[in-house]
Structures are given as C-alpha cells and as structure tokens.
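Below you'll find the structure, written out as structure tokens, and then a few comments.
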2 protein chains.
Amino acid sequence: MRVRLEDVARRAGVSPKTVSRVLNDEANVSDATRKRVTAAMEAMDYRPLSSARSLAGNRSFLVAMLYDNNDNPASTYLAEIQDGVLEACDAHRYNMMVRPLRMRGEDFVRRLDAVISDHHPDGIVLTPPITDYAPLLKRLRERQVPFASVSPVSRENNIGVAMDEQLAARTMVEHLLSLGHRRIAHVSGIADHGASRWRLAGYREAMAAAGLAEDPALVVQGAFTFASGVAAARQLFALKKRPTAVFAANDDMASGVMWVANERGMKVPQDVSVCGFDDIPLASQLWPALTTIRQPSREMGKVAALQLLEVLRGRGPGRLVEMPFSLEVRDSTAPPP
Amino acid sequence: MRVRLEDVARRAGVSPKTVSRVLNDEANVSDATRKRVTAAMEAMDYRPLSSARSLAGNRSFLVAMLYDNNDNPASTYLAEIQDGVLEACDAHRYNMMVRPLRMRGEDFVRRLDAVISDHHPDGIVLTPPITDYAPLLKRLRERQVPFASVSPVSRENNIGVAMDEQLAARTMVEHLLSLGHRRIAHVSGIADHGASRWRLAGYREAMAAAGLAEDPALVVQGAFTFASGVAAARQLFALKKRPTAVFAANDDMASGVMWVANERGMKVPQDVSVCGFDDIPLASQLWPALTTIRQPSREMGKVAALQLLEVLRGRGPGRLVEMPFSLEVRDSTAPPP
DNA sequence: GACACAATTGACAGCGCTGTCAATTTGCGG
DNA sequence: CCGCAAATTGACAGCGCTGTCAATTGTGTC
C-alpha cells in the first residue's frame, strides 16, 4: 500500500538506515549511494511519514508562530507575516502552526508551556508584541526551544528580523517638516510595545533636530486600533492650537484620524496632513491615499523563519537581519494651510 | 522525564490499553475506572505525544484549511475564517494547518494529492473559491478525506456552513430601491466564484421584482480587488446616464468605487450611493462608513470546522449550517440626488 | 444459585522511522 | 602491498501509543 522507507531501501539495495541518512541529508553517505537512494525515492514517490520520524527522532518538524490576539484581532499585518513564515517553512519541509497567545493574564507563561508540551514545536517564531516579554523568553531558553523574532525590541542575543523603525519614523516626520509643518502631532501605540517606543522616539528625534520643543498636548496615546485613532484625533482637533499634521504610529490609527478630520469637515491634506506607518492595503484604499512607511511584512516573516530554520537544521547560528523601509509619499500629506 | 501513558497506567493501577481508551473517550470503560484514570492523568499532568498516537492509530489529528492564494493575498476575510477554524480545532485538541493552493495551473489536483500524502490531514476545510472545483472534490472523495466547506455553491451532499447570499444581495438592493434609486449598478466578482453568482442573482432578482429592466451597461465585471473596483467605477461613471447607486460584490471593490467617486469630485452619498458586501473592518474605516452586508466570517469558519470535527470524531454526519446575515446601513447610502 | 451473555479489562505485537554502536570498506602513507 | 585511520554501511532495539483479540468480571434470567 504505502511506500515505506524499508521499501525504498530494498529497491536501492541498501539498509533502511542508509535511506534514513539520505532522507535527513546527513554526511557520510557516498555520492554513488546517495544518488541511487534518491533515484529510488523518486521512482517510488516515497513520502516519509512524519509521525514516525517524529516519534523515532524526537523532533516534530514543526514551527509555531506565536501572536498576541488580544490587541491584534485578525490583522492584515499578521496575515502577511504568517504568509512569509509559511513560505519559508514549506521550503524546508517544516510544518507551521499558528498559536494565538493572549498576553494578558498571569498564566501567560503557563499557556506557553502548554503549547510546548502539547505540540513540541522544534522552534518558535515570535511576533510583536510578544517578542520581548522577559518571563516568556526565559522559559523558552530553559526549555531549550530555539526561537526567532520579528521586530524584537532588544537586538542583543536575538535572531530574526528587524527594521530601523526609529529612523523610519524620523524620516516620516522629516518629510512633514520639509513640507513646512511645525505643529506636528503624534498618536502613539500601546506604550510597552517596541513599535510604539521606536516610532515615538523617531518623532522626538526629528522634532528636536529641527529645533522644535515638544508640546506634550501634541503627543496622544493610542492603542494601534482604528477606534483609538478616532479618540486621539478628537482630542487633538479640539485643541485651541490644532496641529497642522498628524503622524500616527500605524495605518489603522491614521485612518481613524482621517475619519475624524472628515467628520469635522476638515480637508486632508489641505487643512491637515495625516500619515501612518506599515503600509497595509488599507493605506492605498483610503481617500486621499495615505502617506506611510512601507514595511515589508511578508518578507520579514519569511526572513525571520529562515533564520530559525537555519538553527533548527544545524546550519548555523542565525542572525538578526535588518530590513529596509521606504517612505511612501501619497496624497494625505501636503504643505500646511 | 516525560510522563508516558504507561506511567499513568501504573499510577491508576490499570493497563496501558485502558488509559488509551479513556484518553480517546471510548465506550466500555466503567465509570469508576474512567474517573481513576482521569485523576491520574491530571495529577501527573500527562500530555499524550501526538506523533505516537498518530503512528499507532493511523490518524493525524490534523485539520488542513485550504485556500486559494491566487485571488486572496492575505485577505482579512480569510484571516477571520482561519481564526474561527482554529478555535474549533483547539476545542477538540486537533491541530490546524493552513495550506495555500493556487487554483490556476493543471497540476492543481496533483498539488492537493501532495498535501494529503505529505501531511495526512484527518479532514479538510475548504474556503471559497475552492469549495466547488469538481476534480478536487472527486479526489477528496476517492482518497476518503472528509471535508467541510465554507459557502459552497452546491448545497447538495456538502457539510459546512453557508449563508443565503442571494437573499442578502437582494436585501441590499431593496434597501437602495427603498431610498428611491432606480439606476443601480452592480460590480460583480470573479465570474466563476459562487459568491459572484449569488450576489449578481440577488441584484437581478431585486431589480426584476421592482419592475426594472436590466441595463447591461450597469453590470460590470470586477475581480474582488480594490483595483478592479476602481476600474469598474471609472467605466460606470463615464456613462452618459450614470448610476445613482453602485452595489459592489464586496467591500474592497466598494472602496475602489468610492475612491473613484472622490477622484471625480462626486460626493458619497449625496451624488452617488455606494455599498458593499462582507463587512470587513475596512468598511467602518472608510469615510463615509460603508453600508454593507455583515457576514460573520469568524463564526462561519468555526461552524464549518465543527461540522467537520463532528465527522472526524465519529459523532455524526455533520450538516450544512445556515448562518444569518445582517444589513448594516451606514453612511454611504442615501436617496438619489 | 447456575448459566448465558454482555461489559470490561488486559497481553501483545507492531505502526515507520532513527539512535547507537558495531562491522565493513575505502583511502593513504610507507 | 600492508597496516591503520577514516569513511561508509548495517543490525537492532525501541520511540509511545493503539489495534486485535483473548481473558476476566459483572448482569440478568429462570
């Protein structure tokens, strides 16, 4: 019925163990033998049974992608990362599973433990914001589960992928400054997310470099959601001295800002400029199209997974790869009125 | 080190086979024994090793969710379905894997075969548009892999979840009619998708019921993408006799229509009403907020998976569950000018 | 209270693969 | 050509669980 490793061995005239070695790409197999075995595998369309490989070899060929579904309900950003991770796993015949992991609650680490005990992933891909929660990282290290991160806060001792978000944010604010804006507001994200901190830092850096003192009223706390962008904008536009430009820490919040501008009859970008960060599809679908920072999410997921796979396959230590960003100037930013 | 089934058996004073029976929730175990075994499992925090269960029991505890990544790059709709499927699988301790499966190309069925041979999913959840491709369904039946579908075209012989999309579309058009619109355009989706056919049929049904002859110029073919909505709207708004309302077959296309309206200086809804279908988050983020049909995607994913799991667990035959829709009247529709 | 029958439990082999370690072959220096 | 180390190959057990089927215990009947 099913072709087993033993059948391949018989056909190639070698022992099962040798076929196993070829299957796992191990060293110390002569070229001639390897070729013969590979040919037999192909001829018989051999498909190794992963449960048997896992049981005997004590590994799962499984990569788990963890995400926080508390602040990220079905976000486009995560969907893109997932797509990239999946592509990388496929390329190396690893399976991928996605695991939501609510970050609130004390039993957070216990739930991580359960995931590991239940599924025994060979490695884990961490996505923001669970890239930097110390107890979690500690537990992963104790349990010796290799992991790679997408946009971790700390670059020390971490593999995966990162982007210079602070520089990106600074670049965005410099774009606004170059248009002539001086009263530039910032809607930040959830305070303890690395993304929020970097983007806020970039904003401050650019403002300071331009010799502008920070006006605390112009920095409003958001939560990366559309609704929080709406709330922040209501607050900003109620100011006596309104900002002429608003830089939101992500596109969803920027769309909330634009929504409120519309609501109040303010024209974007004539009356107020608005810009975001991430370049999710929404950014191009808004009117006017949103000026934002393009972050190659899909590629980042792929690269992070590849670093992890390098470790899992014993090919190297993996590294933290820096990805480029780009400023996408569209129609939501213009000189101040 | 690791707690095995055998360890639990020893502690409970029964044979391993009996523990196995309890683990698999089989009949013919006395209540007393079951209780004792369950207690031992809990006390020892026993975690069955799924690779061993799979190998010995010849099943994988895996549900694969298939989607077409050709026309659906990282869509919100799929992300929501996935979330629901995942929840259902978790509840029954099944694993979920997501598999993109490009529908173009001849080797489509061969690639499906590869997925089955490589991963041996116990069952499959099919998402639009791959719910009704005959060769694929045939192969699944040949291979005896149970499957459930989300919004299949054919309701015969299918389990999963469906919505009366035709009625929903008709309801939407009736909403436009009741506002006083008569020249109502429709931007349809990819022709051979069930969703396109139903939504178009609902449009026609409502128009006919209102005694309006169909104007072929008012029905434009789209492809479910923002760009195709833009293209369709350019065509519609170039007409001498422009429509006063446009019903797009999904929200992404509707946002394209609104974009073009903005581009041409037409006010929505004063100059033209626009509405969509699906109620993805985008719908509420647009200005004006989009009138649309709410489709409970997440819930639908969950329900479809539950039907499949009912079959996998030998609990019943599963059925095709009908989900309710709702018309979300927001700010993009109003009486004609 | 004995008997037939059903319900419950257990013994044992084996799922398909890989780790361990021993056996064999190959390559190389002298 | 021989001897030795390195490279290559194979034998075998066993990973943790479940299917099969036999043994045991419980239940109802007359």
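Within every chain, numbering begins at 1; the chains are lettered A, B, ... in the order of the sequence lines, protein sequences first and strands thereafter. On a predicted model such as this, the values are computed, not experimentally measured, just so you know.
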Review point. Think B:Thr18 has a side-chain N or O under 4.0 angstrom from the OP1 or OP2 of C:dG10?
Key: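 So the side chain of B:Thr18 is within the cut-off, an N or O lying under 4.0 Å from OP1 or OP2 of C:dG10.
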Next on the checklist: Any side-chain N or O of A:Ser30 below 4.0 angstrom from OP1/OP2 of C:dT26?
Outcome noted: no
Expressed in angstrom and rounded to an integer, what is the separation of [X] atom [atom1] from [N] atom [atom2]?
| X | N | atom1 | atom2 | value |
| --- | --- | --- | --- | --- |
| A:Glu26 | C:dT18 | CD | P | 8 Å |
| B:Lys35 | C:dT8 | NZ | C1' | 16 Å |
| B:Asn28 | D:dG26 | CG | P | 15 Å |
| A:Leu23 | C:dG19 | CG | P | 11 Å |
| A:Asn24 | C:dG16 | CG | P | 17 Å |
| B:Arg2 | D:dC17 | CZ | C1' | 11 Å |
| B:Leu5 | D:dT18 | CG | P | 6 Å |
| B:Arg59 | D:dG16 | CZ | C1' | 14 Å |

So do the side chains of A:Val98 and B:Met96 get within less than 4.5 Å of each other, counting heavy atoms only?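 A:Val98 vs B:Met96: side chains touch.
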*Scan side-chain atoms only and decide if A:Thr18 and A:Ser15 contain a donor-acceptor pair under the 3.5 Å cut-off.*
yes
Under a plain distance cut-off of 3.5 Å, with no hydrogens placed, do A:His120 and B:Arg2 share a side-chain donor-acceptor pair?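 The answer is yes; a qualifying pair exists.
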Identify each atom pair where a protein N or O and an N or O of nucleotides 21-24 of chain C are less than 3.5 Å apart, giving names and distance.
none

For A:Asn58, does the CG atom have more than 12 heavy-atom neighbours from other residues, nucleotides or ligands under 6.0 Å away?
-> no
- request: Could you tell me whether A:Glu42 atom CD has more than 12 heavy atoms of other residues or ligands within 6.0 Å of it?
  value: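 It does not: A:Glu42 CD has 12 such atoms or fewer within range.
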**DNA chain C contacts made by residues 36-58 of chain B, counting heavy atoms under 4.0 Å** =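 Hits under 4.0 Å, by residue number: B:Leu55, B:Ala56.
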As an exercise, state the distance from CG of B:Leu137 to CD1 of B:Ile130, rounded to the nearest 0.5 Å.
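B:Leu137 CG to B:Ile130 CD1: 10.0 Å, rounded to 0.5 Å.
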Here the gap from B:Met103 atom CE to B:Leu136 atom CG, rounded to the nearest 0.5 Å, amounts to 8.0 Å
Q. If you check every side-chain atom of A:Lys17, which of C:dG10, C:dT20, D:dT18 has the closest atom?
A.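 Side chain of A:Lys17 sits closest to C:dT20.
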Salt bridge flag under 4.0 Å for residues B:Asp25 and B:Arg315
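Result for this pair is yes, salt bridge flagged.
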Could you check whether A:Arg298 pairs with A:Asp83 (Lys NZ or Arg NE/NH1/NH2 to Asp/Glu carboxylate O, under 4.0 Å)? yes
